[in-house]
Protein chains: 2
Amino acid sequence: MSATDTPSSYTPPRKMPARTAGSGGQFTPIRAEITVADCVIEGQLPSDLSGGFYATGPDPQYPLRPGNIPFDAEGHARLFRIHNGRVDYRTRFIRSLRYLAQDRAGRSLFPMYRNPSLDDPSVQGLNRTTANTHVLNHKGLILALKEDSPPVAMDLNTLETVDPIYTFDGQLPETQPFTAHPKICSRTGNIIAFGYEAEGFGSDVVSVFELEKDTGKKIWEARIKVPYVGLLHDFGVTENHIVLYVVPLAIDLEQMRRGGVHWSWDATRKTYFGFFRRHGDGKDLRWIEGPAMSGTHTMGVFEDKGRIYLDTEMTPGNPFPFMPNKDGSPPDLPGSYSTLHRISANLNGPNKGYDVEMLFPLNMPLPKQDDRYNTAPYRWGYGACPAPEGQPPGSCYAAMDVQTKTYKLWNAGPHISLAEPVFAPKHAGSREGEGYLLGVAYNLNEANRSDLVILDAERVDEGPLCKVRLPVPASPQVHGWWVREDQYPT
Amino acid sequence: MSATDTPSSYTPPRKMPARTAGSGGQFTPIRAEITVADCVIEGQLPSDLSGGFYATGPDPQYPLRPGNIPFDAEGHARLFRIHNGRVDYRTRFIRSLRYLAQDRAGRSLFPMYRNPSLDDPSVQGLNRTTANTHVLNHKGLILALKEDSPPVAMDLNTLETVDPIYTFDGQLPETQPFTAHPKICSRTGNIIAFGYEAEGFGSDVVSVFELEKDTGKKIWEARIKVPYVGLLHDFGVTENHIVLYVVPLAIDLEQMRRGGVHWSWDATRKTYFGFFRRHGDGKDLRWIEGPAMSGTHTMGVFEDKGRIYLDTEMTPGNPFPFMPNKDGSPPDLPGSYSTLHRISANLNGPNKGYDVEMLFPLNMPLPKQDDRYNTAPYRWGYGACPAPEGQPPGSCYAAMDVQTKTYKLWNAGPHISLAEPVFAPKHAGSREGEGYLLGVAYNLNEANRSDLVILDAERVDEGPLCKVRLPVPASPQVHGWWVREDQYPT
């Protein structure tokens, strides 16, 4: 870290939210690939909504071995295609090399999350991606992402897998890790991505790179080192800088030797907030140390008057109760409670630690923004959260104004589980936040049968404009992505 | 009818069975096309079971117009493919011309069951098949059947539609009606089928024909006339004869002019049991008159010592409570109660009516047999029925010995709906009844989530050997068909 900066001391609050009632929800396995033509719609589908809502999530192709974690299930991709006043629904398992090998074998061959030492001898060295975390459109394809591997490319319309290791025309090595949270440059449309453990298993090198919007050509790469090898699940990109946040879900080689997963929560380690110039060589990287806590998902990032700001959900401890704690302590549920925070620091120092303020006391592990603002100053954030204190229990969608620090909520009620929503602008040139919020509601009292709910993003508190009624449960979802009609090949 | 025969007087008993409890069941719409690779199996899949269990059923592509009947929904095909100890599940809507036109229009264009006068002008004259009644394998295809049209042909493995009007290489006119219950000759493997209203809408001509097993070449056809135009849903074929049973669900032109469905139950009409020589010219046709009652589905048929026997389920009245009664009377539920009967007559007369005896007092509208015995004397019948009187309530599968008039039951319990089962011989040369009974169990307390249950057909009372667990409800089913492993193209 930089000698000019002193450590931070803030930690987020430890408090568990009320949870929804019922069983099921957005991570419930289904294993069924489903197509529904011309879905039943209750209410009025907005006439100016056109495009595709894509998502992926983990869905166990075969049962998980005891001790493995829900993250280690095969990616199941999903599309709500909205066009000409009609909604078509489609899900497909992603035909990763791992999926195909297991399908042939009729059993699991990769028994432990990111621990290749236990892999079946028949698949030693095979790419292990599950492609179960996020999706992104590029060059008329949908790329399914898992941070330990290159993307898997799918057909934009059918979700059929067209390339199980998408290397951007050979520019990336087949072993290149690729974040599940690339950013789209708000000015150029380029993809900015990174990969940690970039020089091999356990490597402390992070490769950050930029790919041209239309061609996918790599136009910049910098390699930097992290203070330790921890989960670098997301990051931030502004017009001029790259922001990283290193949290103490650290690689645990001893645990892996015992047959365990890649990470454990190491409360003896510190966090590190870091930034360096985009398009530079990375040598200006500056790290600022803080207490053991976590920040997993970026909502937005911006620079203003020599300071850099990262809006992220933060937890006081291990954000994933199913990830082991290095000291052997039991799962720390209050420690996994996410709330929305803003981390900031002077770009040119000196800093008395990094500054942290709470933005919203909402429990929101998966915050989103209008993705046209990934690298620009922004105003609006969105996400699913349990109803905050003082409100009737229920699952809510929130639209948050980070400038006024106010929010609007729609409370779907206590027997609904809401997945991460996506923002769909009315058209490419709409002002920020002018559009729709789309999200999947899993009905816990209907054996998880699901609806796509569509809200006016500027009037979230008025509730859904319409529900697209599925006859079955939706596939599991982690993250989703909106593809505008103008982004489809003609 | 023949002057040598006098009318029959028997009518089946009027008695309603106990019904299963819960909501859903085998006719619940789903609209979702589903694929599940390598299904979860509870119990032991028999190692000598290999082949495909195909079915179809009506699943509304768009909501049915009030006054229309559940039969008038689009065919949704289904396959459980059992091979190498693994079960793959797949369903696909059948891409009939009607389905495709409606998919393009985004709405129903054929609003009333077999009443073309209400069809949308854009589809006047288009083939109206829903292909929702039965399926049959032929020449490496699956043919989906609806009695008013030629089959729709699907790929045997994928269920993708390959020919929306399958005319057996142009041998049948595109308007040829084709029964949903063709028989497979037990000796030659040929297909024997018929079409009623064979010379145009409302025609009293029935065309009966035989198609060669391997080539599909038509090697015989006879045209006969029925006493009146009624629902001729099934028939019987022996080595030497064709058997028909005309029931008073009669064409109702007045009702159709008022915008109603094709049929109404006309209790003023009689039944007619008829037979004539197979491979003859039909001139020997003999009809024997009986009271107004119904027999819709054949279990088996045979000849013995100059008599011909038809084993069929029979109802004292209109078998379909949702079909109108011509006299305007309300639905007659006890009149729709099916029980298993044997109808017989002397082939060469004279007959004092046709003889009727009850075979089994089981409520079984969809009886089946080992389909290798379609045209041969047989011993074993199978089917789903509510538990008979004196037993705990529940949905049962029965294996019935028509020689000893005894049966064995497995009672699945009160919260299960069981669809028509299919018999799968262990291999092509197994003795009659040596094999498995496969059927779909809809779990009414699990939002219709379904299992394929597999029983030893000779030990049905011992319950399932295994359950193939679907994560979702199975598609609706009317009739199903088993394709043996040796019948798949190599």
Side-chain angles (χ1 to χ4, degrees), chain A residues 22-24 28-42 45 59-63 74 76 78 83-95 99-100 102-108 158-160 442-450 468-476, chain B residues 22-24 28-42 45 59-63 74 76 78 83-95 99-100 102-108 158-160 442-450 468-476:
Chain A
S23 65
T28 307
I30 181 164
R31 294 188 80 241
E33 298 175 290
I34 290 170
T35 307
V36 184
D38 206 353
C39 295
V40 173
I41 299 172
E42 294 173 359
L45 187 71
D59 194 8
Q61 183 184 8
Y62 291 101
E74 288 65 32
H76 192 160
R78 179 218 287 164
H83 186 64
N84 282 341
R86 158 176 173 150
V87 183
D88 293 306
Y89 177 75
R90 174 181 290 257
T91 82
R92 290 293 181 273
F93 265 113
I94 297 163
R95 266 57 181 178
Y99 179 94
L100 294 172
Q102 293 185 149
D103 186 63
R104 282 190 298 271
R107 64 190 176 90
S108 170
T158 66
L159 300 185
E160 299 304 329
Y442 296 77
N443 297 286
L444 306 179
N445 283 356
E446 295 180 54
N448 229 26
R449 193 199 59 72
S450 308
V468 178
R469 191 182 162 85
L470 295 181
V472 288
S475 59
Chain B
S23 64
T28 307
I30 181 165
R31 294 188 81 241
E33 298 175 289
I34 290 170
T35 307
V36 184
D38 206 354
C39 295
V40 172
I41 299 172
E42 294 173 1
L45 187 71
D59 193 8
Q61 183 185 9
Y62 291 101
E74 288 65 30
H76 192 160
R78 179 218 286 166
H83 187 63
N84 281 339
R86 159 176 171 150
V87 184
D88 292 308
Y89 178 75
R90 173 181 291 259
T91 82
R92 290 295 181 271
F93 265 115
I94 297 163
R95 266 58 181 178
Y99 179 95
L100 294 171
Q102 294 186 150
D103 187 64
R104 282 190 298 271
R107 63 189 176 90
S108 170
T158 66
L159 300 185
E160 298 305 329
Y442 296 76
N443 296 284
L444 306 179
N445 282 356
E446 296 180 55
N448 229 27
R449 194 199 60 70
S450 308
V468 179
R469 192 182 162 85
L470 294 181
V472 288
S475 59

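Note that these values count all heavy atoms, side chains included, but never hydrogens, waters or copies made by symmetry. All chains are named by letter (A, B, ...) in the order of the sequence lines, taking the proteins before the strands, and each is independently numbered beginning at 1.
Residue contact with chain A, scored on non-hydrogen atoms closer than 4.5 Å, involves the side chain of B:Y62 exclusively.
Residue-level contacts of residues 30-40 of chain A with chain B, in order of numbering, are A:I30, A:R31, A:A32, A:E33, A:I34, A:T35, A:V36, A:A37, A:D38, A:C39, A:V40; threshold 4.5 Å between heavy atoms.
With chain B as the partner, the residue from A:T91, A:D103, A:L470, A:N84 showing the most heavy-atom pairs under 4.5 Å is A:D103. For chain A, the option among B:R86, B:R92, B:R90 with the highest count of heavy-atom pairs below 4.5 Å is B:R86.
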